[in-house]
Structures are given as C-alpha cells and as structure tokens.
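Worksheet: one structure, shown below.
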Amino acid sequence: MSAANVASYAARPQTEHRRGVGPQGRPPQSERSPLPGRAFARSVARSRHRMMVRMTAPKGMKQGLTSYGDADFSLFLRKAFVKAMGLSDDALARPIVGIANTFSDYNACHGNVPQIVAAIKRGVMLAGGLPMEFPTISIHESFAYPTSMFLRNLMAMDTEEMLRAQPMDSVVLIGGCDKTIPAQMMAAASADVPAVFVPVGPMLVGHHRGETLGACTDCRRLWSDFRGGRISAEEIDAVNSRLAPTAGTCMVMGTASTMACIVEIMGLALPHSASIPATHADRLRSAEASGRQAAAMAVGGGPKPSELMTKAAFRNALVVLQAIGGSTNGLIHLTAAAGRLGIAIDLDEVDRLGREVPVLVDLKPSGRHYMEHFHWAGGVPRLVHELADLLDLDARNVEGTSLRERLMDLDTRDAQDVIRPFSNPIKASGSMAVLRGNLAPRGAIIKQSAATPALLQHTGRAVVFDSVEDMTMRVDSADLDVRADDVLVLRNAGPIGAPGMPEAGYLPIPKKLAKEGVKDMVRLSDARMSGTAFGAIVLHMTPEAALGGPLALVRDGDPIRLDVAGRRLDLLVDDAELARRRQEFDAHGAPGAAPVPTRGYAALFHRSVLQADEGCDFDFLVPGRGPR
Ligand code: FES
C-alpha cells in the first residue's frame with residue numbers, strides 16, 4: 001500500500017469507509033433509493049452519530065483517563081509519568097498507535113516479533129503517529145498446560161481490557177501461534193478499537209534426506225513411522241532438529257496459517273500479510289506498512305473492527321476456510337469472534353459451503369505444498385481471484401478498499417500450481433463437513449479433505465477411552481482388544497471434561513496396529529485436533545460427554561456408523577438400551593471427567609465455557625448470552 005493511499009484514507013470523511021458496501025452484487029442502499037425509507041434514514045442517523053462520536057471523543061493521551069475525580073489532574077499526572085521515558089510534548093500530542101507485543105521466550109513461533117515491532121514503530125512514526133508498545137499474554141501450542149485452548153479466552157480478556165484501559169487511537173495486534181490471532185480477534189471485536197493485525201508469518205520449510213519437512217504435519221507422520229518401527233530412534237532425533245528450522249508459525253495449513261488467511265480475507269490485515277515468510281524482508285516491509293495504516297486509522301478513527309467483521313465478512317472467511325483446506329479449529333475461533341458481535345455462525349451453512357466450495361489450495365495436510373509456496377503462488381489475493389464468484393467482493397479492509405477494487409490491480413500472470421483454478425480443484429468439495437446424528441445432536445466436524453477416502457463411509461465396533469489419561473495408559477497395550485476396522489472413541493476431552501478441549505482428537509493408532517502398517521482409522525471425540533493433522537477423525541462432538549452428551553453412553557463393542565456423504569454419525573444401539581444407560585449416567589455421572597476446579601481461572605473456565613458450536617467462549621463475554 002502506498003503512502004499516498006494512507007494519506008488519502010486519513011483525509012477521507014469517516015462515512016466514506018462504508019461507500020460501496022452492500023449485499024452481494026447489489027449497490028449500497030444510498031445508491032439504490034433516491035427517496036430512502038425509514039430504515040435508510042435510521043442508518044444515516046447511525047452513521048452521523050458514529051461520525052460525531054469520533055469527532056468529539058477524546059483522542060491520544062486525553063482518552064481513558066485514570067479516575068481521580070479531576071480529569072485535568074489525571075492528564076497532568078499521566079503526562080508527568082510518561083515523560084519519564086523521555087517523550088516530548090510534541091510526541092505526546094500525536095495520535096497514539098498501541099502495539100500489542102506477544103514476544104515470549106516460551107513462544108518460538110513469535111521469535112521475530114522484536115523485529116516486527118521495530119518495523120511497525122517505523123511505519124507509525126513515518127506517518128506522524130506515536131507508537132506505544134505493550135505486552136499481552138502470549139501462547140505457544142507446545143508450552144501451554146493443559147492446552148492452549150484453555151488459555152485463549154484469558155488472552156482475549158487480557159487483550160480486550162488492555163485495549164480499553166490504555167490510551168490509544170488505534171492498535172496493531174501481532175499474532176501468529178494458533179490461539180493468539182483468535183484471542184486478538186475476540187478482543188478487537190469487543191473493544192472495537194481500530195485495529196490492524198500483523199501475523200508473524202510462517203516458518204520456512206526444513207529438509208531431511210532429500211525430503212521437504214514441515215511442522216507439524218510431518219512431525220505426526222514421522223512420529224507415527226517411529227511408533228510403527230519404520231524409522232529408528234537416531235533418525236527421529238535427527239528429524240527433531242529439522243522440523244521447525246526458523247522463527248514463524250507452522251508452515252502447513254494448520255490453525256496458525258488458517259487464522260492468518262482469515263484475518264486477511266476479513267480485511268483486518270494488509271494484503272499478502274498472511275503468507276509472507278516470517279524471515280523474509282517483505283515481512284518487515286508489511287509490518288512497516290501496517291504501522292503506517294494504523295497511524296492513518298488513528299487519525300481517521302476507523303474503520304473499527306465492528307465495521308469490518310460483518311456477516312458478509314464472516315461468510316467470506318468460511319468460504320476461504322473451506323477452499324484452503326483450513327483447520328477445524330478455525331471454525332471454533334470464527335464462531336467465537338462472530339459471537340462477540342452478535343453474529344451466529346450457522347453449522348448448516350458451513351456444511352452447505354463445504355459442498356459448494358472446492359479445496360483449491362494444495363497445501364499439507366490436505367495437499368502437497370507449504371506456506372512459502374502458497375505465498376509465491378500469490379497468497380490470499382490470488383485465491384480471491386479464483387473464488388471471486390463465491391465471495392462478497394464489496395467487503396472492505398483496513399485500507400478502505402474492497403476485494404473487488406483490489407482484484408482489479410491483481411497480476412495473475414505468474415505460472416504456479418499451488419492455488420488451483422476453480423475448474424481443477426485438489427478436492428471437489430470443501431475441507432470440512434458437519435455431521436449430525438444420535439451421537440452428535442448439536443453437530444460434529446470432520447476434515448474430510450485430510451481423511452482416507454475409504455473410511456468416510458464406515459461401520460465399526462467402538463473401542464472406548466474414558467479420558468485422555470485412560471487413552472494414554474491403554475492405547476499401546478498388547479491386551480487392548482482392537483482391530484483395524486474398529487472405531488476409536490475418546491470422551492471427556494471437551495471444553496469442560498478435559499478441561500480446555502485439547503488437541504487429543506488425533507488419537508494415535510494403537511502400536512500393535514501401527515506395526516502392521518495401519519495408518520488411519522475412524523476416530524471420534526469431543527476434543528479438537530491440530531490443523532496440521534490428518535486422518536478420518538470426527539471432532540467437536542456436541543454436547544460433550546462431560547455435559548451428558550450421547551458420547552457418554554457409548555460402550556466397548558457398540559456398532560458406530562460414520563456416513564460422511566449422508567452427514568450422519570450414529571450409535572447403532574436401540575433406544576430402550578440408550579434410555580437405560582442415560583439413567584445410569586444421571587445417577588453416577590461421567591467416569592473419566594476431570595474433577596470440578598474450585599478456584600482461580602480454572603473455576604471460572606469450568607463455570608462459563610460454552611460448547612464448540614458456540615465457539616468455546618465464556619458465556620458472560622457474549623452479548624445477549626446468559627449463563628450456560
Ligand atoms: Fe506455533 Fe504451530 S506451534 S504455529
């Protein structure tokens with residue numbers, strides 16, 4: 001984006017952000033009706049009100065003053081302290097751009113954040129703003145006990161409250177590792193401070209014995225080979241040093257890459273920012289441009305997240321989620337972010353899109369390539385070109401430009417085979433399907449694009465594990481009664497049962513079967529799965545077993561039928577027997593459920609977390625949603 005663009009955006013009247021925005025293919029109301037009706041009059045009044053609020057609201061250091069009962073004294077005191085950092089009156093009079101710094105020694109994926117912060121600050125200052133860096137919680141997948149999802153809502157609350165508490169006219173949110181961008185989306189939606197997202201970018205690929213490797217699809221594949229005795233301990237040690245060779249997020253289409261693509265398609269991040277490799281100089285140039293953009297938004301007062309995170313933008317995100325072979329976690333995170341704005345993500349629509357939208361991006365785990373290849377193929381803008389007929393092209397971004405306008409400037413001459421044309425997809429239908437049935441009355445998800453096709457229609461005997469711990473203890477036991485055509489069932493691994501809905505849905509193939517060469521089985525749970533994983537794996541079964549969902553009633557040996565074409569998941573046990581088991585459950589509760597926590601964040605989480613179909617947000621953070 002050019003400096004001229006920034007300047008012209010900053011100078012633009014605030015209502016202009018909304019020009020040209022309308023339902024698919026239709027001009028906006030202002031251009032359709034010369035004599036507007038009552039609804040239009042109301043909308044104009046709302047726009048005027050928004051503009052007046054922006055013009056009259058305190059800016060810079062004057063906003064959000066600490067309460068001492070004397071506003072002038074509060075400002076006097078604030079300036080006295082901030083001057084201790086050597087800031088001049090000129091600097092303090094500038095529009096303030098907050099920068100949420102998520103660097104942490106515990107978060108290797110965010111190893112390049114210090115350089116990104118420096119580049120953002122440069123951009124803010126080049127545009128005449130004052131950058132103010134502040135820390136928030138940072139979460140890495142492998143360094144979060146019991147699981148990163150348990151902490152996502154805490155990071156969302158931390159970020160939201162810091163955006164509210166500290167004076168800033170706009171903010172740059174630096175995220176990347178799986179739960180960080182979702183937490184920041186939830187926070188931005190609730191705090192509604194003009195925000196630009198800067199993903200840290202994907203890692204470069206690794207290499208081992210002539211093979212290209214990437215975290216963490218290949219982590220799982222090679223670990224399975226090690227478990228199956230196909231590679232040695234020395235080799236798996238060598239691989240361990242090569243799977244994650246640089247800073248940045250996992251370079252397959254896992255949750256981090258998925259969420260980076262989502263903030264870009266929703267207009268919350270600059271074009272191409274989802275896919276520029278973490279270590280590339282363009283990553284820093286994009287960060288600088290994001291800083292400039294945030295400074296322009298600090299002057300102009302918008303667009304605010306609520307103006308970009310519209311129903312149409314969420315639908316665009318769902319289309320892209322299907323077309324990229326995105327992570328199933330992306331659906332939970334989108335549901336949570338939308339819920340903050342009173343927008344419901346309808347699972348039936350998700351499934352409809354799954355039938356209409358093919359997988360076009362040839363990336364692991366659904367395909368062959370890695371994020372750097374996606375970037376050089378043209379990234380999200382090139383994908384938009386292929387998906388144009390399915391997207392609302394009037395959706396705008398932080399720069400105020402629509403997808404349609406940006407498409408006009410897109411150069412599609414580069415030869416590439418990573419982003420397929422609509423006429424030649426890598427999978428004819430989308431990555432995800434929504435299943436219903438007596439085992440999942442409120443839905444379950446399967447990432448069909450990353451499953452063994454022959455297992456998508458399957459009936460087998462249940463082999464039940466009551467908890468993650470039970471699975472860990474028994475799955476490799478020589479005594480386990482299990483066959484390759486059985487269905488592995490894990491329960492009490494949902495939002496409440498585990499707690500935190502860990503990524504345990506990728507149940508390991510029992511060692512004795514792995515040694516026979518079995519690589520995939522039907523697996524069911526109320527857990528999540530890493531976006532980097534593959535297999536015939538049914539996830540997010542809702543309601544979860546710990547809340548008395550039907551998963552709690554399954555017994556070893558029960559026949560279970562998975563019918564992805566028919567979108568069904570059923571326990572083939574008669575109703576009378578299920579009623580008997582239900583009485584037993586009601587009397588004795590769920591064996592394997594974690595004890596109820598009594599203090600701190602764990603108690604708050606247990607009391608308030610919602611189910612997967614509501615995004616696993618806390619009930620008290622969702623407008624209009626009473627206690628669970
Ligand atoms: Fe951070 Fe994969 S572990 S993105």
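As the structure is a computational prediction, the values presented were derived from the model and not from experiment. Just follow the structure's listing: the first ligand is 1, and inside any ligand the first atom is 1.
Taking the side-chain hydrogen bond (donor to acceptor under 3.5 Å, both in side chains) definition, one finds that Asp192 meets it with Ser306, sequence neighbours left out. Qualifying side-chain hydrogen bond (donor to acceptor under 3.5 Å, both in side chains) partners for Ser366, counting only residues two or more places apart in sequence or in other chains: Ser449.
Sorted by first and then second residue, the salt bridge (charged side-chain N to carboxylate O under 4.0 Å, His left out) pairs with a member in residues 205-219 read Arg209-Glu235, Glu211-Arg221, Asp218-Arg221, Asp218-Lys364; sequence neighbours excluded.
A donor-acceptor pair shorter than 3.5 Å can be found between the side chains of Ser327 and Thr255. Under the 3.5 Å distance criterion, with hydrogens and angles disregarded, a donor-acceptor pair is assigned to the side chains of Glu399 and Asn397. A donor and an acceptor atom, one from each side chain of Asn329 and Glu503, are located under 3.5 Å apart.
Atom 2 (Fe) of ligand 1 has Cys250 SG as its protein N, O or S neighbours under 2.8 Å.
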